[in-house]
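Here the structure comes first, spelled out in structure tokens, and everything after it is commentary.
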2 protein chains.
Amino acid sequence: MREKIKNQTNPNVSVDCVVFGFDGTDLKVLLVQRELRDNLNINDDTLVLPGDLINDNEDLDDAASRILTGLTGIRNIFLEQIGAFGHPQRLMKERDQVWLRAIRLEPSARVITVGYFALINIKNYKVKPAGFAKHILWHDYDTVNELGFDHKLILDTAIAKLRNKLYREPVGFQLLSKEFSINQLYTLYNEIMGGEIDRRNFRRRMLKTGFLKETDNFQEGVPHKPARLYTFVRKEFDNVSKNNFKFY
Amino acid sequence: MREKIKNQTNPNVSVDCVVFGFDGTDLKVLLVQRELRDNLNINDDTLVLPGDLINDNEDLDDAASRILTGLTGIRNIFLEQIGAFGHPQRLMKERDQVWLRAIRLEPSARVITVGYFALINIKNYKVKPAGFAKHILWHDYDTVNELGFDHKLILDTAIAKLRNKLYREPVGFQLLSKEFSINQLYTLYNEIMGGEIDRRNFRRRMLKTGFLKETDNFQEGVPHKPARLYTFVRKEFDNVSKNNFKFY
DNA sequence: AAACTTAGTGTAAAATTTACACTTTGAAAA
DNA sequence: TTTTCAAAGTGTAAATTTTACACTAAGTTT
């Protein structure tokens with residue numbers, strides 16, 4: 001770091017969260033409408049990721065937690081950083097620039113955002129509007145088109161990281177209830193991977209790992225044979241061989 | 001993002017680079033001595049990663065490139081973001097706080113740094129002192145102990161990312177000369193992985209991928225049988241099956 | 001010519017992956 | 001109560017990949 005040049009303006013730094021959820025069938029992502037302020041006559045209902053400026057003296061991770069706690073009330077959410085995104089303001093779309101000026105961020109300063117992704121179980125927690133997000137919705141991941149700022153890029157990066165993570169840790173369990181059937185797990189993984197996983201081989205592989213523990217409970221209220229429910233045992237996962245990778 | 005709260009101070013944002021090099025035997029990392037300023041009587045020769053504040057209107061990636069070009073003269077360096085690191089200033093060691101105050105960064109503002117890692121071939125480029133790095137050295141990766149700020153954390157994260165990356169892309173070639181022997185490649189990989197790779201199986205696997213092209217050249221000046229040299233053919237890599245991963 | 005150092009090579013056993021289709025079970029409908 | 005429906009649950013054989021493992025070849029130096 002060199003001596004500070006005085007005619008530079010420090011950037012605003014925000015944290016934006018990609019919150020993935022799973023409703024049993026589709027992968028969802030939590031989006032908010034860019035807040036309209038009554039005293040502004042700009043018309044802007046662009047969808048963006050939930051986020052906020054970081055506070056002084058606040059860890060980046062803590063800022064992400066704060067945002068999610070505000071939206072969901074949950075305290076210990078699975079959270080992982082995606083990275084920093086920082087296009088200079090001049091590269092933004094006009095609409096985004098207007099919006100930034102409207103809320104009077106430090107004049108002329110750019111915004112650098114640190115992306116996080118989180119996984120939560122849709123059914124367990126009701127999301128609720130927060131100060132920085134009056135309109136909030138679960139959006140189908142597959143059909144997200146355009147988002148404000150560079151949030152589409154952040155979202156794309158997030159799904160890549162999530163897939164990647166699935167190769168090393170059983171993160172998928174964060175998206176399911178405590179007890180789940182093998183086929184629910186299968187549906188989730190298949191959805192995340194966007195792919196063609198063989199159902200029978202999937203079951204065998206998962207059971208072989210040893211970190212799924214059979215319970216005595218079964219699905220209820222389904223109009224067909226109810227499936228046995230399992231729980232995830234982290235302790236067992238930690239023993240699983242991690243020699244899973246070939247390098248290039 | 002909410003309306004800017006006026007008593008907040010925007011953080012300084014810097015970019016720090018973990019530059020890995022390979023000298024044929026050991027993995028190295030480029031470090032600089034925290035710059036001593038003659039007009040300050042603080043005694044500080046702490047080693048840190050090369051870095052700098054980002055400029056207004058400068059992409060984060062561009063800032064990292066700029067730093068590396070300053071140190072090495074190379075323009076197209078393999079570079080990848082590691083992530084953002086942002087402990088509030090209050091969590092820093094006293095020595096780091098003193099240093100920051102000494103160079104008069106925006107008073108009381110914290111520093112958020114975005115880490116990058118780069119791979120370069122030590123032999124091809126002479127590193128040279130730059131404005132922000134008067135003393136610069138290749139340090140053995142294995143024996144790096146403590147660094148200023150949270151740079152040790154950044155370094156640890158970088159090596160993890162590098163290993164990780166090796167599972168999906170043949171990045172190791174960035175660290176070697178254009179033509180190299182299989183055993184040079186082996187030594188490098190073994191060094192990065194910190195591990196026990198079987199030499200024979202390594203050779204077979206690498207050759208089988210098809211992205212190593214045999215040349216008619218051999219090592220020169222070695223006091224033993226000279227090894228055949230190969231080049232890396234990216235086009236072929238792109239055809240290699242990427243179905244290399246098992247998930248959990 | 002002998003000694004040294006790294007290059008370069010093969011195989012068989014074990015483990016893993018893959019492809020693939022029918023039976024079972026409970027609920028709902030007829 | 002029987003039939004129908006929908007998803008649960010199960011097995012195997014062939015192909016592929018991984019693993020473990022030790023000697024010969026070739027060029028340089030002494």
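Note on naming: letters A, B, ... go to the chains in the order of the sequence lines (proteins, then strands), and numbering restarts at 1 for each one.
Residue A:R203 contributes atom CZ, which lies 18 Å from atom P of C:dT17 at whole-angstrom precision. Atom NE2 in B:H224 sits roughly 13 Å away from atom P in D:dG27 (whole-Å rounding). Spacing between atom CD of B:E214 and atom C1' of C:dG8 amounts to 12 Å, rounded to whole angstrom units. One atom, CZ of A:F218, and another, C1' of C:dT24, lie 13 Å apart when rounded to the nearest Å. Between B:K225 atom NZ and C:dT9 atom P the separation is 7 Å, expressed in whole Å. One interatomic measurement links the two molecules: CD of A:Q219 to P of C:dT25, which rounds to 16 Å at whole-angstrom precision. Protein atom CZ of B:R205 is 18 Å distant from nucleotide atom P of C:dT9, rounded to whole Å. As a whole-Å value, the separation of B:M206 CE from C:dT9 P is 17 Å.
The residue among A:P226 and A:R200 whose nearest nucleotide of DNA chain C is located toward the 5' end is A:R200.
In plain terms, the two heavy atoms of A:N145 and A:K152 that are nearest each other are O-CE, 2.9 Å.
The side chain of A:P223 approaches C:dA28 more closely than any other nucleotide in the set C:dA21, C:dA28, C:dT24.
You'll find the side chain of B:L166 reaches within 4.5 Å of the side chain of B:I192, heavy atoms only. In this structure, B:T215 and B:L229 have side chains that are in contact, with non-hydrogen atoms separated by less than 4.5 Å. Taking 4.5 Å as the limit, every side-chain heavy atom of B:F232 sits out of range of all side-chain heavy atoms of B:K213.
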Check the interface with nucleotides 12-14 of chain D: list each N/O to N/O pair with the protein under 3.5 Å, or write none.
| residue | atom | partner | partner atom | Å |
| --- | --- | --- | --- | --- |
| D:dT12 | O4 | A:R204 | NH1 | 3.3 |
| D:dT12 | O4 | A:R204 | NH2 | 3.4 |

So which protein N/O to nucleotides 15-17 of chain D N/O distances come out below 3.5 Å?
none

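Put simply, the side chain of A:T69 never gets that close to the backbone of A:R66: no donor and acceptor are under 3.5 Å apart.
Checked against the 6.0 Å centroid threshold, A:Y248 and B:Y167 do not count as a close aromatic pair.
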Taking it one step at a time, do B:L176 and B:L185 satisfy side-chain contact (heavy atoms from CB on, under 4.5 Å)? CA-CA 8 Å; B:L176 297 170; B:L185 188 64; 3.5 Å; yes
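When only modelled atom types and interatomic distance are considered, B:N190 and B:R199 share no side-chain donor-acceptor pair under 3.5 Å. No donor-acceptor contact under 3.5 angstrom links the side chains of B:D52 and B:S14, judged on distance only.
With respect to the salt-bridge test (charged N to carboxylate O, under 4.0 angstrom), the residues A:K165 and A:E80 qualify.
The stretch residues 175-188 of chain A comes close to DNA chain D through A:N183, each having a heavy atom under 4.0 Å from the strand.
Cation-pi geometry between A:R163 and A:Y189 is not met at under 6.0 angstrom from the ring centre and within 45 degrees of the axis.
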